[in-house]
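Only heavy atoms go into these numbers, but all of them, side chains included; no hydrogens, no water, no symmetry mates. Everything quoted here is computed from the prediction, not taken from an experiment.
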Amino acid sequence: MTPNGSPPSIATERQDPRYADVDIWPTAAVLDALVESQMSAIAAVRAAIPELERCVERALPRLLAGGRLFYVGAGTSGRIGMQDGVELLPTFGWAPERLVLLLAGGQDAVYQAAEGAEDREDVARADILAHQPGPDDVVLSIAASGSTPYTCAAVAAARAAGSLTIGIACNRDGRLLREAELGVAVVTGPEVISGSTRLKAGTAQKATLNLMSTTLMIRMGHAYRGQMVDMRVVNAKLRQRACRMVRSLAGCSERQALAALETTGFNVKRAVMICSGIPAAQVEALLDAHGGNLRTIPGLAMPPASGA
């Protein structure tokens with residue numbers, strides 16, 4: 001056992017002796033130590049890119065076939081997962097019915113700690129099986145320790161149902177990495193404040209999910225030439241952004257962009273097609289034929305080199 005009583009295999013629970021007196025350090029030194037730990041978290045994520053690539057390649061055909069994305073976690077990890085999943089809806093136009101968010105303790109745990117809920121394996125199995133996970137579904141599960149019972153049990157149930165299960169943990173020997181079909185170890189080690197995995201472990205988990213989900217969205221055609229062409233336009237700021245995107249991608253005037261956006265209900269992807277000279281009557285058939293991916297649709301106008 002370590003001095004703080006934690007099993008030696010759970011590195012995120014260990015105490016780093018370098019920070020034993022951090023509570024009496026000058027403020028600037030505390031901040032510098034925290035920044036250094038955040039940088040090391042991103043370095044750990046970068047080291048896991050080969051595993052992330054494998055996860056994306058395995059998940060992609062399932063999602064292209066219409067599968068759902070599940071996010072499963074408890075505590076900080078679960079809330080980080082929920083944030084990543086929710087933001088796919090406005091950013092990439094991901095359909096709400098294709099997103100399942102499971103947090104130990106339910107909605108109440110979003111706003112306050114529900115630490116006891118993470119031990120309920122029976123509840124975890126019931127929670128995930130209520131959504132009838134299937135072969136086209138992809139389950140992203142997150143646990144800093146890699147041993148959270150709720151998360152591990154949910155993953156085991158989804159895997160048994162045939163879903164692709166991906167476990168993300170900050171300890172290499174965690175149970176989650178064994179329960180999931182694919183494991184991603186983002187090893188961050190002890191925290192500046194021992195056991196507070198909302199710090200660099202939290203940063204590593206958010207970055208890992210961000211990389212994976214964004215890459216999936218790009219590969220599925222929800223981004224085109226570095227732009228969010230499936231963005232949901234729900235306010236004045238986003239209407240202005242949509243207009244700029246259409247002008248940039250289709251090389252058209254502001255008047256033409258606005259007219260096309262109004263015709264399509266402010267759908268950037270469809271407005272780009274119209275401003276590129278594709279008749280409005282052909283837009284839907286072309287999108288269906290090309291899986292919604294503008295990159296593969298012939299006849300799109302190429303913008304001027306300046307992007308004007």
Side-chain angles (χ1 to χ4, degrees), residues 10 12-13 41 44-45 48 52 55 59 68-89 91 94 96 98-131 133 137-159 161 163-171 174-186 188 191 193 195-214 216:
I10 305 181
T12 51
E13 294 294 323
V45 175
L52 292 175
C55 292
R68 295 169 293 174
L69 265 176
F70 285 64
Y71 287 78
V72 182
T76 298
S77 298
R79 288 186 283 271
I80 289 171
M82 293 184 75
Q83 179 187 19
D84 190 79
V86 166
E87 290 179 351
L88 298 180
L89 279 63
T91 305
W94 190 252
R98 297 183 64 191
L99 179 67
V100 178
L101 304 173
L102 295 180
L103 176 66
Q107 290 299 312
D108 290 344
V110 174
Y111 305 103
Q112 58 186 357
E115 303 300 341
E118 71 177 44
D119 294 330
R120 296 295 303 273
E121 296 197 17
D122 57 333
V123 173
R125 286 188 286 270
D127 284 351
I128 200 161
L129 291 177
H131 294 277
D137 294 328
V138 177
V139 179
L140 304 178
S141 53
I142 319 100
S145 67
S147 60
T148 306
Y150 179 95
T151 310
C152 293
V155 164
R159 185 175 182 181
S163 300
L164 176 66
T165 52
I166 298 171
I168 300 166
C170 296
N171 288 287
R175 171 188 166 192
L176 180 61
L177 302 183
R178 298 190 300 272
E179 296 282 13
E181 185 173 345
L182 299 176
V184 180
V186 185
T188 52
E191 300 283 358
I193 303 299
S196 182
T197 51
R198 61 178 288 273
L199 299 175
K200 64 178 175 178
T203 296
Q205 290 173 93
K206 182 172 192 312
T208 300
L209 288 173
N210 196 303
L211 265 63
M212 192 181 306
S213 63
T214 302
L216 281 167

Ignoring hydrogens, what is the shortest heavy-atom contact between C55 and L182? Give both atom names and the distance. CA-CD1, 3.8 Å

Side-chain atoms of residues 195-202: list all donor-acceptor pairs with protein atoms under 3.5 Å, sequence neighbours left out, distances to 0.1 Å.
from, atom 1, to, atom 2, distance (Å)
K200, NZ, T188, O, 2.8
K200, NZ, P190, O, 2.9

Should we say atom CZ of R98 is surrounded by more than 12 heavy atoms from elsewhere, each under 6.0 Å from it? yes

Test your reading of the model: is there a side-chain donor-acceptor pair from N171 to the backbone of A144, 3.5 Å cut-off? yes

If you take all heavy atoms of L103 and R79, which pair is closest and at what distance? CD1-N, 3.9 Å

Could you state the interatomic distance from CG (L216) to CG (L88), rounded to the nearest 0.5 Å? 9.0 Å

What distance do Y71 atom OH and D84 atom CG have between them, rounded to the nearest 0.5 Å? 3.5 Å

Can you tell me how far the NZ atom of K206 sits from the CD1 atom of I80, to the nearest 0.5 Å? 8.5 Å

On a heavy-atom basis, the closest approach of I128 and V139 is CD1-CG1, 4.3 Å

Please report the shortest heavy-atom distance between T151 and A74, naming the atom on each side. OG1-N, 3.9 Å

For the atom pair OG (S145) and CG (L176), what is the distance rounded to the nearest 0.5 Å? 8.5 Å

Is the backbone N or O of Y150 less than 3.5 Å from a side-chain atom of T148, with the two atoms forming a donor-acceptor pair by type? no

Interatomic distance, OG1@T203 vs CG@N210, rounded to 0.5 Å, equals 12.0 Å

Check for a donor-acceptor pair, side chain of R175 on one end and backbone N or O of S147 on the other, with a separation under 3.5 Å. no

Minimal heavy-atom distance between P133 and S163, with the atoms involved, is CB-OG, 3.3 Å

Could you tell me whether the side chain of D137 reaches within less than 4.5 Å of the side chain of H131, counting heavy atoms only? no

Using a distance-only test with no angle check, is there a side-chain donor-acceptor pair under 3.5 angstrom linking Q205 and S77? yes

In this structure, CG of L209 is separated from CE of M82 (nearest 0.5 Å) by 13.0 Å

Specify the closest pair of heavy atoms between L211 and V45, including all atoms of both residues, with the distance to one decimal. CD2-CG1, 4.0 Å

